[in-house]
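Note sheet for the following structure.
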Amino acid sequence: MSKILLKNGEIGTIDGLMLADVLIEDGKILKVIARVSDEGKAVEADEVIDCRGKVILPGLIDVHVHFREPGASHKEDWKTASSAAVAGGVTTVLDMPNNTPGIVDAASLSAKRELIAGRSFCNYGLYLGFNGSNVEEINASDVPAVKFYACDSTGDMGVVEHEDVEKFFRMCKKLIVVHAEDHDVIEANKALVLAEYEGREIPASVHSKIRPVEAACKAVERVCELALTFGRRVHIAHVSTEKELAIIKKYKLKGAKLTCEVAPHHLMLSEDDYGTLGNFMRVNPPIRSRGDVFAMWKGLKFGEIDLIATDHAPHTIEEKSLDYLHAPSGVPELDTLLPCLLNAVDAEGLTIEEVVRFCCEKPAEIFGLRGKGRIEEGFDADLVVVDMELSREVKRENLFTKCGWSPYEKSVFKGWPVMTFVGGELVFKDGEIVGEAVGQEVQV
Ligand code: NCD
Ligand code: ZN
Ligand code: ZN
């Protein structure tokens, strides 16, 4: 296979930017050549790509996406979703099991694998979901992690029986990723709201009241206690409140093996946006107060949040346009992930080092993804070349997600991916998919 040299760029690492060229061959990074020496001049390559003025990052790893196959390909399919991923700088995703049918055993997992094979522009790993009684099957599988819903969200995979949950934590040997909101708190609030609005139109903003801070905290406390009791590795998905961070910190200090993630919408949107976005920003857990949004940024800065994951959860415009009781929860995030974060770098809220840490190195480390997350010799040539100076408005017509909308439409972001390589192959360039569906399942 031919050698490709990415020349004259700067590479992003967790220690900062480095002037270096990257030589790739056979899908791997063959050499990283610092430009302080003359060594680079002698490097031979079949193709040289000039990256002057650009930054080369390890491809982002998104450990929380919903690509909707099997079962809901009218919202999204693997081709459109993986196109959105590489356009947003993401080269590896871990796809959630809340499909139809749910991915809860060897048969549904292998059927899903067959469905995806050869159709993905990005690399991928698959979750199994806990259904109350499949812990042996989960332990015997080769997936990177298992998803546990403590309440119903899209897909109704919630498991609420305490005995089943306790047995699961006692026996599960995999990394447990939790959707932590308390079922009983939500049901009680829902009944109150329905009574209050009887016969009247229900505004989207009630979503944050039906699923309040208390619902998240109660579930987080419970799973942290279980993680501590049984010594399990637990990753809390989409934290959204200051109080959850305090609980996680308390249990980390007690010795629980905990990590957590934040989604871009919990960094970018607040309850103040219901007026313009309505049910389009209905998501579980819900969008929170400005104070909690600030706490999420602080949590990243202070190392309380380990990584950023999109929770890309597309639903069609028609579905999102229904009234509150019928509009589904979830927002699409993949097309805009890196622009959203690089824009924060431009606005000085974030650094490139932090983007690499939260979106590349940490996800690879926590989920045990071999060969991913760094630009180093021997690592996979999953790379994204970004133009930090490019300003562009988020527009529907430029999105790859099948659902065809974004909560950030009309926002102008500065800093966009201009080239994405997956396994050494150029798949995305200047707003277009230019390569083949070369994505492979990850090795753990
Ligand atoms: C997700 C979906 O639509 O699949 N929805 C959401 O609001 N986040 C499910 C989930 O992750 O809870
Ligand atoms: Zn969730
Ligand atoms: Zn999700």
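The first residue in the sequence is number 1, and the count goes up from there. In listed order, ligands and their atoms are each counted from 1.
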Audit row: Tyr124, Trp78, ring pair (Phe, Tyr, Trp, His ring centres under 6.0 Å) steps and yes/no: CA-CA 10 Å; Tyr124 55 90; Trp78 206 278; 5.7 Å; yes

With heavy atoms of [X] as the reference, note each atom of ligand 1 found under 4.0 Å away.
X	answer
His64	11 (O)
Asn98	2 (C), 4 (O), 9 (C)
Ala313	1 (C), 2 (C), 3 (O), 5 (N)
Val283	7 (O), 8 (N)

Sub-4.0 Å heavy-atom contact, Met96 with ligand 1: no

Residue-ligand contact His315/ligand 1, heavy atom below 4.0 Å: yes

Neighbour count >12 (heavy atoms, 6.0 Å) for atom CD, Glu214: no

Step-by-step ring pair (Phe, Tyr, Trp, His ring centres under 6.0 Å) determination, Phe169 to Phe230: CA-CA 6 Å; Phe169 276 81; Phe230 297 109; 7.4 Å; no

Thr92 side chain reached by Val63 side chain, heavy atoms, under 4.5 Å: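 No. Closest side-chain heavy atoms not under 4.5 Å.
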
Provide, to 0.1 Å, the distance between [atom] and the closest protein heavy atom, together with that atom's residue and name.
atom	value
atom 11 (O) of ligand 1	His66 NE2, 3.1 Å
atom 8 (N) of ligand 1	Asp311 OD2, 2.8 Å
atom 5 (N) of ligand 1	Ser329 O, 3.2 Å
atom 7 (O) of ligand 1	Asn284 N, 2.8 Å
atom 10 (C) of ligand 1	Ser153 OG, 3.3 Å
atom 3 (O) of ligand 1	Arg68 NH2, 2.7 Å

Proximity of Arg282 to ligand 1 by residue part, where a heavy atom lies under 4.0 Å: neither

Derivation and outcome, salt bridge (Lys or Arg N to Asp or Glu O under 4.0 Å), residues Lys402 and Glu76: CA-CA 5 Å; Lys402 193 188 259 189; Glu76 186 75 286; over 6 Å; no

Cation-pi, Tyr324 ring and Arg282 (6.0 angstrom, 45 degrees): yes

Short side-chain donor-acceptor distance under 3.5 Å, Ser321 and Glu318: no

Name, closest N/O/S atom of His179 to the Zn ion (ligand 2): ND1

The Zn ion (ligand 2) - closest N/O/S atom in His238: NE2

His266 side chain vs Pro285 backbone, donor-acceptor pair below 3.5 Å: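 Side chain of His266 to backbone of Pro285: a pair is present.
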
Flag, side chain of Ser208 to backbone of Ile287, donor-acceptor distance under 3.5 Å: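 Between the backbone of Ile287 and the side chain of Ser208 there is a qualifying donor-acceptor contact (under 3.5 Å).
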
For the Zn ion (ligand 3), the closest N/O/S atom belonging to Asp311: OD1

Which atom of His64 approaches the Zn ion (ligand 3) most closely (N/O/S): NE2

Member of Val177, Leu258, Ile176 meeting the side chain to side chain contact (heavy atoms under 4.5 Å, CB included) criterion with His235: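 The option that passes is Val177.
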
Derivation and outcome, side chain to side chain contact (heavy atoms under 4.5 Å, CB included), residues Val427 and Val438: CA-CA 8 Å; Val427 292; Val438 293; 3.8 Å; yes

